[in-house]
Amino acid sequence: MKKLSYIAAAFLFTGMLSAQQIDLNAMPKPGATPTINIAKPKTFTLPNGLQVMVVENNKLPRVSANLSMDRPPIYEGEKAGVNSLMADQIGKGTKTISKDDFNKKVDYLGASVRFSSNGAFANSLSKYFPQVLNLMADAIINPNFNAKEIQDDKERALEGLKADEKNAQSIANRVNNALIYGKNTARGEFETEESIKKITLEDVQNNYKKYYAPDHAYLVIVGDVKFNEVKTLITKAFSGWKKSNTKFAAVTPVSNVAATEINVVDVPAAVQSIVNVGNVNTLKMTDANYFPAVIANYILGGGAEARLFMNLREKNGFTYGAYSDMSTNKYMPEFSANASVRNEVTDKAVKEFLTEINGISKGKPEELANAKAKMKGNFIMSLEKPETIARFALNQKVNNLPADFYSNYLKSIDQVTEADVTKAVNATIFPKQSRIFVAGKAADIADGLEKLGYPVKYYDKNANLSSKPSAKQLDANVTVSSIADKYIAAVGGKDNLAKFNTLSSDATAKIQGMELAFKNIKGKGGKFFMDVSMAGNSMQKIAFDGSKGYMVAQGQKMDLPADMATKFAKKSEIFPELNFGKSADYKLSGIEKVNGEDVYVVKDNDTTYYYSVKTGLKVGEIQKQKMGAQEMEIPTYFSDYKDVNGVKLPYTIKQTMMGQEIEMKINSYSVNQAKDEDFK
């Protein structure tokens with residue numbers, strides 16, 4: 001009977017659609033803008049200056065506490081990094097509880113507690129919140145700064161700096177900020193090996209006393225609490241936190257470049273260029289231009305429907321994504337547009353960025369309507385999250401917003417006109433005074449950028465002005481064949497390499513705390529097999545038996561694409577260098593630096609090979625791969641060569657894919673042990 005009822009209802013619904021002649025392809029018309037009622041926080045201030053806001057929300061039995069410091073950036077000078085080290089220490093035990101016991105208690109309560117140089121955050125079930133709040137307060141008020149822990153953190157920081165030396169994005173963030181704000185200012189300085197090494201226990205303690213204090217802090221509580229009860233809890237937990245009475249210096253004034261210029265920092269190992277086009281401005285959330293400026297940014301680079309994304313990705317295929325941001329941070333307001341693009345299209349991408357930025361003042365009615373609808377929808381959905389209310393409460397205090405700013409948010413969006421957007425663009429986005437910043441392989445991108453017609457300046461990784469990197473001259477005797485011969489001699493000689501019919505390896509790597517196992521087999525004739533697994537479960541497989549193959553990902557099996565099969569078949573030797581003298585595909589490109597070492601560069605149609613000028617060993621290679629309409633380059637670096645059956649092979653292999661670096665440690669190699677069925 002129930003099934004018949006469903007069928008009847010379906011026929012009834014179909015009849016109604018037919019009768020009303022509804023166009024199913026037409027977009028539904030938006031209704032009237034709803035009225036938004038946002039809970040207003042109850043507030044109080046402790047004698048030590050801590051300002052507390054409480055928003056009662058009893059929908060779920062959870063509570064969050066968000067502590068935030070309202071202070072300008074701190075200039076650390078020759079000890080840049082001390083603030084970060086101080087933050088790393090908070091939460092690692094207190095004067096009353098050890099680090100291990102602290103973490104065990106947090107885990108036992110099913111809570112989340114985090115600390116940063118600018119505050120702290122805690123979240124838990126409401127029945128455990130009093131205990132969690134006390135743990136959070138104890139960590140904040142009674143940090144157990146420890147010389148050994150600080151030394152351990154310093155060593156981790158130094159390791160991080162070493163890793164960042166090859167990371168184009170990290171270098172870009174550091175140098176771009178230094179150029180915008182000045183590297184000897186609070187907003188532009190960055191950590192160095194020297195500055196980290198100078199930091200002492202006393203520096204960390206003094207930094208805490210001056211800057212991690214209640215008299216410039218806000219604590220926002222949101223969730224299943226009663227105001228009077230939580231006020232008593234907070235007063236008891238935080239009253240012992242001593243104010244610092246620190247007077248902060250005003251931020252150093254900054255201005256835009258007089259005329260648009262291109263700043264390039266050379267990252268020789270980069271396979272993509274980091275492009276950022278931006279300027280500083282004075283936009284505040286209280287300005288009349290705020291909503292029009294945010295809408296203009298949304299149209300330009302706010303998502304997958306925005307102009308930058310549609311141009312640079314969808315139309316031209318230069319990147320996986322291009323976006324822009326209109327920051328209203330009270331200490332660092334700025335506009336920026338950015339993307340990571342392939343080296344060979346860097347100049348074209350910059351040109352398209354400027355085309356879209358120059359054209360953003362000329363809007364289209366449908367773009368404005370769409371941006372308004374999307375922003376209103378995002379705002380309404382965000383109200384479902386309690387942390388949104390906490391952010392609103394904090395913003396209202398920190399930015400001196402009117403009491404009705406968020407309750408009128410949707411109306412403020414509705415009122416924006418095309419003329420308002422144009423006016424806001426002219427006040428916040430300055431195409432003729434933009435700094436075009438590019439971090440990438442200067443040898444590949446410099447000439448193209450210089451043809452765009454803007455002044456081009458070159459900087460090193462420490463933001464020092466430098467000269468344009470020049471290509472090193474090759475000795476006339478160096479050829480593709482001589483490089484191959486030097487490599488073959490360095491690893492063991494042609495006779496020993498010829499004995500390898502198959503080569504198998506087992507390796508492991510850790511990614512975000514998870515251990516992966518890699519099994520690779522290569523055979524003559526282009527035969528190839530790879531299996532990536534975790535905890536014994538295969539995650540990805542590729543197999544090629546010399547004529548055909550397949551790939552498996554997430555349990556789905558498919559035939560190997562024809563272009564990939566052709567590529568495998570062409571790599572007929574286990575050691576491609578044995579083919580260098582036999583094919584015209586391999587060409588000598590020049591000398592470059594990779595990981596600080598001079599290398600010869602040899603290229604074929606889809607791979608770039610790097611060979612040490614000094615030792616002859618292969619230090620890396622970059623393979624081009626297509627993913628749909630997008631092309632990506634995957635760099636791999638080799639080190640720690642050891643003898644295997646008379647041939648030196650690398651035992652450490654580092655690969656970067658989609659910004660994630662994977663370091664594989666080879667556990668074992670085996671020679672001539674694989675069989676034909678292993679490639680099927």
Side-chain angles (χ1 to χ4, degrees), residues 75-81 157-198 252 254 257 260-278 336 338 340-341 343 346-347 350 434-450 452 454-473 590-599 601 610 612-614 619-620 622 635 637 656 659 661:
Y75 179 59
E76 299 174 325
E78 64 175 11
K79 295 187 178 181
L158 292 171
E159 285 298 316
L161 288 178
K162 286 179 183 177
D164 286 345
E165 290 299 302
K166 296 178 291 185
N167 187 307
Q169 186 64 66
S170 297
I171 294 170
N173 293 342
R174 179 175 73 209
V175 178
N176 194 29
N177 256 5
L179 297 180
I180 293 171
Y181 297 106
K183 67 176 185 177
N184 294 317
T185 70
R187 294 180 291 181
E189 68 177 347
F190 50 83
E191 300 169 11
T192 66
E193 185 177 337
E194 293 75 19
S195 71
I196 294 294
K197 286 181 177 178
K198 288 179 181 177
T252 307
V254 63
V257 292
T260 295
E261 66 181 41
I262 300 175
N263 298 161
V264 179
V265 58
D266 185 25
V267 186
V271 296
Q272 286 190 315
S273 297
I274 310 296
V275 178
N276 186 86
V277 183
S336 64
N338 57 80
S340 296
V341 304
N343 287 344
T346 301
D347 54 335
V350 168
S434 290
R435 186 186 301 276
I436 303 167
F437 179 83
V438 184
K441 189 176 181 179
D444 289 354
I445 65 178
D447 291 344
L449 292 172
E450 289 183 349
L452 293 176
Y454 301 99
V456 180
K457 297 178 182 177
Y458 296 90
Y459 295 87
D460 65 19
K461 62 187 179 183
N462 292 314
N464 299 312
L465 198 61
S466 65
S467 57
K468 177 182 177 180
S470 56
K472 292 201 172 188
Q473 295 299 312
I591 296 179
E592 297 177 9
K593 275 198 180 296
V594 170
N595 298 333
E597 179 178 14
D598 284 344
V599 298
V601 184
Y610 299 118
S612 169
V613 170
K614 183 178 179 181
V619 299
I622 297 175
Y637 299 101
T656 302
E661 183 175 90

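Worth knowing before you read on, the calculation uses all heavy atoms, side chains too, and leaves out hydrogens, waters and symmetry mates.
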Novice: Please round to the nearest 0.5 Å and tell me the distance separating atom OG of Ser336 and atom CZ of Phe437.
Specialist: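 Rounded to the nearest 0.5 Å, the OG-CZ separation comes to 12.5 Å.
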Novice: Do Glu78 and Glu194 come within less than 4.5 Å of each other through their side chains, counting heavy atoms only?
Specialist: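 Side chain of Glu78 against side chain of Glu194, heavy atoms only: no contact under 4.5 Å found.
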Novice: Grab the two heavy atoms, one from Ala80 and one from Glu189, that are nearest each other, plus how far apart they are.
Specialist: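 Minimum heavy-atom separation between Ala80 and Glu189: CB-OE1, 4.1 Å.
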Novice: Closest approach of Gly440 and Ala270, non-hydrogen atoms and distance?
Specialist: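 So the two residues come closest at CA-CB, 4.1 Å.
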Novice: To the closest 0.5 Å, what do you measure between CD1 (Ile274) and CD (Gln272)?
Specialist: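 Going from CD1 on Ile274 over to CD on Gln272, the span is 6.5 Å.
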Novice: Hey, what do you get for CG (Asn176) to CG (Asn276), rounding to the nearest 0.5 Å?
Specialist: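 Output value for this atom pair is 5.0 Å.
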Novice: Within a radius of less than 6.0 Å around NZ of Lys183, do more than 12 heavy atoms belonging to other residues, nucleotides or ligands occur?
Specialist: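 Result for NZ/Lys183: enclosed.
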Novice: Measuring only between side-chain heavy atoms, which start at C-beta, is Leu449 closer than 4.5 Å to Val438?
Specialist: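 In short, these two side chains touch, coming nearer than 4.5 Å.
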Novice: Decide, yes or no, whether a salt bridge links Lys441 with Glu592 under the criterion of side-chain N to carboxylate O below 4.0 Å.
Specialist: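 Answer for the salt bridge query: yes.
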Novice: Would you check if Asp598 and Lys593 make a side-chain contact, meaning some heavy-atom pair closer than 4.5 Å?
Specialist: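 SC-SC contact between Asp598 and Lys593 confirmed.
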Novice: Going by distance alone, is a donor N or O of one side chain under 3.5 Å from an acceptor N or O of the other, for Thr252 and Thr185?
Specialist: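 Thr185 and Thr252 do not have a side-chain donor-acceptor pair below 3.5 Å.
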Novice: First locate atom CG of Asn595, then atom CD of Glu165, and finally report the distance between them rounded to the nearest 0.5 Å.
Specialist: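 Taking CG in Asn595 and CD in Glu165, the distance rounds to 10.5 Å.
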Novice: Is the shortest distance from a Lys or Arg side-chain nitrogen in Glu597 or Lys614 to a carboxylate oxygen in the other one below 4.0 Å?
Specialist: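 The answer is no: the pair does not qualify as a salt bridge.
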Novice: Measuring only between side-chain heavy atoms, which start at C-beta, is Asp460 closer than 4.5 Å to Val265?
Specialist: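 Not touching, per the 4.5 Å side-chain cut-off.
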Novice: Indicate the atoms forming the closest heavy-atom contact of Thr260 with Pro455, along with that distance.
Specialist: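 Smallest heavy-atom distance, with atoms named: O-CD, 3.5 Å.
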Novice: Does Ser467 reach the side chain of Tyr458, with side-chain heavy atoms less than 4.5 Å apart?
Specialist: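 Side-chain contact under 4.5 Å: no.
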Novice: Do the side chains of Asn464 and Tyr459 get nearer than 4.5 Å, heavy atoms only?
Specialist: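 Tyr459 does not reach Asn464 side chain to side chain.
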Novice: Might you point out which heavy atoms bring Phe190 and Ala178 nearest each other, and give the distance in Å?
Specialist: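 Of all heavy-atom pairs spanning Phe190 and Ala178, the closest is CE2-CB, 3.9 Å.
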Novice: Kindly indicate whether the side chain of Glu261, heavy atoms from C-beta on, has any atom under 4.5 Å from the side chain of Ile436.
Specialist: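 Side-chain contact under 4.5 Å: no.
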Novice: Rounded to the nearest 0.5 Å, how far apart are CZ of Arg187 and CG of Asn177?
Specialist: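 So the CZ of Arg187 and the CG of Asn177 are separated by 9.5 Å.
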Novice: Is it true that a side-chain atom of Asn343 and a backbone atom of Asp444 form a donor plus acceptor pair closer than 3.5 Å?
Specialist: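 No: the side chain of Asn343 does not pair with the backbone of Asp444.
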Novice: Side chains of Asn263 and Arg435: does their closest heavy-atom pair fall under 4.5 Å?
Specialist: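 Side chain of Asn263 against side chain of Arg435, heavy atoms only: contact under 4.5 Å found.
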Novice: Would Tyr610 and Val601 count as a side chain to side chain contact (heavy atoms under 4.5 Å, CB included) here? Give the steps.
Specialist: CA-CA 5 Å; Tyr610 299 118; Val601 184; 3.7 Å; yes
Novice: Before giving the answer on side chain to side chain contact (heavy atoms under 4.5 Å, CB included), spell out for Val456 and Val264 the whole-Å C-alpha distance, their side-chain angles and the decisive distance to 0.1 Å.
Specialist: CA-CA 7 Å; Val456 180; Val264 179; 3.9 Å; yes
Novice: One thing to verify: whether Lys468 and Asp447 come together as a salt bridge, which I'm taking to mean a side-chain N less than 4.0 angstrom from a carboxylate O.
Specialist: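 So Asp447 pairs with Lys468 through a salt bridge.
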Novice: What's the spacing between Asp164 CG and Ile171 CD1 if we round to 0.5 Å?
Specialist: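 Interatomic distance, Asp164 CG to Ile171 CD1, rounded to 0.5 Å: 8.0 Å.
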Novice: Which heavy-atom pair separates Gly188 from Tyr181 by the least distance, and what is that distance?
Specialist: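 Looks like N-CB, 3.9 Å.
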Novice: Which heavy atom in Leu161 sits nearest to a heavy atom in Thr192, and how many Å separate them?
Specialist: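 Leu161 and Thr192 have their closest heavy atoms at CD1-C, 3.5 Å.
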